There are 2 protein chains.
Amino acid sequence: MLQMDIMQLFKERRLRATPARVSTLDVLLAAGRALSHHEVEDALADKGERLDRVTLYRTLDFLVEESLAHRLSGEDRTWRFSAQGSHTGHAHPHFRCERCGMTRCLSDLKPAMVVGLPEGYVFQQAELTIRGLCPGCT
Amino acid sequence: MLQMDIMQLFKERRLRATPARVSTLDVLLAAGRALSHHEVEDALADKGERLDRVTLYRTLDFLVEESLAHRLSGEDRTWRFSAQGSHTGHAHPHFRCERCGMTRCLSDLKPAMVVGLPEGYVFQQAELTIRGLCPGCT
DNA sequence: TGTCCATTTGCAACATTGTTGCATAAAAAG
DNA sequence: CTTTTTATGCAACAATGTTGCAAATGGACA
Ligand SMILES: [Mn+2]
Ligand SMILES: [Mn+2]
Ligand SMILES: [Zn+2]
Ligand SMILES: [Zn+2]
């Protein structure tokens, strides 16, 4: 997706198309996987963008708020951000590499293919987490 | 499980049965759910135990290392610890309350019962995470 | 194109969670 | 009781994320 198209996207939604937001969403879209705050920071640096740490945190929150990205918690106590916020509530499976932490959404896979991972991925473990309300909170 | 039995357990395994370890495992066993570092600290305080923050971190790590507990990452960037480390690799489903964060293992449930949660729990979402190695790490 | 105002940004300070180094205390073996 | 090994407490540090506030700026409108 071109930067110009991203700016157009913001304008259609009546959201301020600031450089920080356009560049950040651009990075997420180009990555094709979930990126940590730090990884986004690095990717922005590669493009010659200098962005304050706090601004980036707020920008990522903004994108999630506007459903342009979604956020998932990593095993390493950091948030990861992925574009494609469209698929509702990110209630889809994810893949995380046990060695390097690389995380990507598996939302485009049919259920049958979750068992058979995409080429090149090695299955080690499936973790199923049920979320909801406990007896004390109902 | 009695404190004395816990001490016995350590001795059988040739592990040093220090007050910190016995009390901490006691707290985890009594909880019946996964506790954060902070929650363990509070529970110990209730029992009149004073334990250094760092010592507790190391004690919890020790219990995980010895397979007397297992550790899971929460949505709030904190580790949770649960006794019953016996079930291998904690490759079992968990339940987390979306409101208060209460987390417990569902390891004692048959697969059919995962869909139908125990009485009092409200289902909201199932998240499946596949873990393994990505193409770059194989 | 210039003006204005709500919003965004950068900076400093702070909070939380967890880790490391090292001297001292204590467990368990003999 | 003495010795040896290991665990503990303390201080300092690191990583990740948040909050308050003044200054900059995006976009609407004249
Ligand atoms: Mn996702
Ligand atoms: Mn568990
Ligand atoms: Zn990897
Ligand atoms: Zn609850």
Side-chain angles (χ1 to χ4, degrees), chain A residues 3-4 6-25 34-45 48-66 68-81 101 103, chain B residues 3-4 6-27 34-45 48-66 68-81 101 103:
Chain A
Q3 295 245 146
M4 220 180 68
I6 294 173
M7 260 170 82
Q8 192 57 34
L9 176 70
F10 281 117
K11 287 187 174 147
E12 279 163 13
R13 300 203 185 195
R14 308 293 151 97
L15 304 170
R16 286 202 182 178
T18 69
R21 291 172 175 180
V22 174
S23 299
T24 301
L25 182 52
L35 299 182
S36 64
H37 173 275
H38 191 68
E39 287 173 318
V40 174
E41 211 167 28
D42 286 352
L44 287 172
E49 302 272 341
R50 38 173 165 256
L51 209 52
D52 184 72
R53 246 166 38 86
V54 177
T55 301
L56 179 52
Y57 275 116
R58 290 198 268 232
T59 300
L60 291 167
D61 287 347
F62 166 83
L63 293 175
V64 170
E65 193 71 25
E66 295 298 334
L68 293 167
H70 66 280
R71 194 173 67 157
L72 44 135
S73 66
E75 204 72 8
D76 54 357
R77 310 178 14 258
T78 66
W79 295 112
R80 308 251 168 169
F81 298 84
T103 304
Chain B
Q3 295 246 145
M4 220 180 69
I6 294 174
M7 259 169 82
Q8 192 57 33
L9 177 70
F10 281 117
K11 286 188 174 145
E12 280 164 12
R13 299 202 187 197
R14 310 290 152 99
L15 304 171
R16 287 202 182 179
T18 68
R21 291 172 175 180
V22 174
S23 300
T24 300
L25 182 50
D26 190 42
V27 162
L35 298 182
S36 65
H37 173 275
H38 191 67
E39 287 173 318
V40 174
E41 210 167 29
D42 285 352
L44 287 171
E49 301 272 343
R50 37 173 166 256
L51 210 52
D52 184 72
R53 245 166 40 85
V54 177
T55 301
L56 180 52
Y57 275 116
R58 290 199 269 231
T59 299
L60 291 166
D61 287 348
F62 165 84
L63 294 175
V64 170
E65 194 72 26
E66 296 298 335
L68 293 167
H70 65 280
R71 193 173 68 157
L72 44 135
S73 67
E75 203 73 10
D76 54 356
R77 311 178 14 258
T78 66
W79 296 112
R80 307 254 168 165
F81 298 85
T103 304

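It should be emphasised that the depicted structure is a prediction, and the values quoted were computed from it without experimental measurement. Sequence lines set the chain letters: A, B, ... in the order given, protein chains first and strands last, and positions in each chain run from 1.
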Chemist: Could you check whether the side chain of A/R71 and the base of D/dG17 have a donor-acceptor pair of N or O atoms closer than 3.5 Å, going by distance alone?
Modeler: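 Checked by distance alone, the answer is no.
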Chemist: Using whole Å, report how far CD of A/E41 lies from P of D/dT16.
Modeler: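 My rounded result for the distance is 10 Å.
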Chemist: Does CD belonging to B/E66 count more than 12 external heavy atoms closer than 6.0 Å?
Modeler: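 Enclosed.
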Chemist: Considering only heavy atoms and no angle criterion, is a donor-acceptor pair shorter than 3.5 Å present between the side chain of B/R77 and the base of C/dT17?
Modeler: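 Answer is no: no donor-acceptor pair is held.
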Chemist: Find which nucleotide of DNA chain C each of B/H37 and B/R14 is nearest to by heavy atoms, and output the residue with the more 5' nucleotide.
Modeler: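 Final value for this comparison: B/H37.
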Chemist: For A/M7 and for A/V54, locate the closest nucleotide of DNA chain D by heavy-atom distance; then report the residue assigned to the nucleotide nearer the 5' terminus.
Modeler: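 Of the two residues, A/V54 wins.
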Chemist: Is there a donor on the side chain of B/R53 or the base of C/dG18 sitting less than 3.5 Å from an acceptor on the other?
Modeler: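 A donor-acceptor contact between them is present.
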Chemist: Expressed in angstrom and rounded to an integer, what is the separation of A/Y57 atom OH from D/dA15 atom C1'?
Modeler: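 Between C1' of D/dA15 and OH of A/Y57: 8 Å.
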Chemist: Within this structure, what is the CZ-to-C1' distance between A/R21 and D/dG27, rounded to whole angstrom?
Modeler: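 That distance rounds to 12 Å.
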Chemist: Once you round to the nearest 0.5 Å, how far does OG1 of B/T103 lie from CG of B/D76?
Modeler: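 These two atoms lie 8.0 Å from each other.
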Chemist: C/dT7 P sits how many Å from A/D52 CG, rounded?
Modeler: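 Distance, rounded to whole Å: 21 Å.
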Chemist: Hey, does the side chain of A/T78 come within less than 4.0 Å of D/dG17's phosphate (OP1/OP2), counting only N and O?
Modeler: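 No, because none of the side-chain N or O atoms of A/T78 sits under 4.0 Å from OP1 or OP2 of D/dG17.
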Chemist: Working to the nearest 0.5 angstrom, can you tell me the gap between A/L15 CG and A/M7 CE?
Modeler: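 Going from CG on A/L15 over to CE on A/M7, the span is 13.0 Å.
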Chemist: Return yes if some donor-acceptor pair links the side-chain N/O of A/R71 with the main-chain N/O of A/W79 below 3.5 Å, else return no.
Modeler: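 Here the side-chain-to-backbone pair does not exist.
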Chemist: For D/dT8, take OP1 and OP2 only and decide whether either is under 4.0 Å from a side-chain N or O of B/R58.
Modeler: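 Checking B/R58 against D/dT8: no side-chain N or O falls below 4.0 Å of OP1 or OP2.
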Chemist: For D/dT5, does OP1 or OP2 lie under 4.0 Å from any side-chain N or O of B/R16?
Modeler: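 For D/dT5, OP1/OP2 do not have a side-chain N/O of B/R16 under 4.0 Å.
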Chemist: Check whether any side-chain nitrogen or oxygen of A/T55 sits under 4.0 Å from OP1 or OP2 of C/dG10, and answer yes or no.
Modeler: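 A/T55 to C/dG10 OP1/OP2: side-chain N or O found under 4.0 Å.
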Chemist: Taking CG from A/L56 and P from D/dA15, how many angstroms apart are they, rounded to a whole number?
Modeler: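 Going from CG in A/L56 over to P in D/dA15 covers 17 Å.
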Chemist: With nearest nucleotide decided by heavy atoms, which residue, B/H38 or B/K11, maps closer to the 5′ end of DNA chain C?
Modeler: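 The residue mapped nearer the 5' terminus is B/H38.
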Chemist: Output the rounded distance in Å from CG (B/L15) to P (D/dT5).
Modeler: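 Rounded to the whole Å, the gap is 18 Å.
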Chemist: For B/R50 and D/dT8, what is the distance between atoms CZ and C1' respectively, to the nearest whole Å?
Modeler: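 For the pair B/R50 CZ and D/dT8 C1', the rounded distance is 14 Å.
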Chemist: Round to the nearest Å and state the distance from A/D76 atom CG to D/dA14 atom C1'.
Modeler: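 It is 15 Å, rounded to the nearest whole Å.
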Chemist: Any donor-acceptor pair under 3.5 Å linking the side chain of A/R80 with the backbone of A/G101?
Modeler: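 Yes, the answer is positive, given that a donor and an acceptor are paired below the 3.5 Å cut-off.
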Chemist: Give the nucleotide from the list D/dG26, D/dT18, C/dA27 with an atom nearest to the side chain of A/D61.
Modeler: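 Per side-chain heavy atoms of A/D61, the pick is D/dT18.
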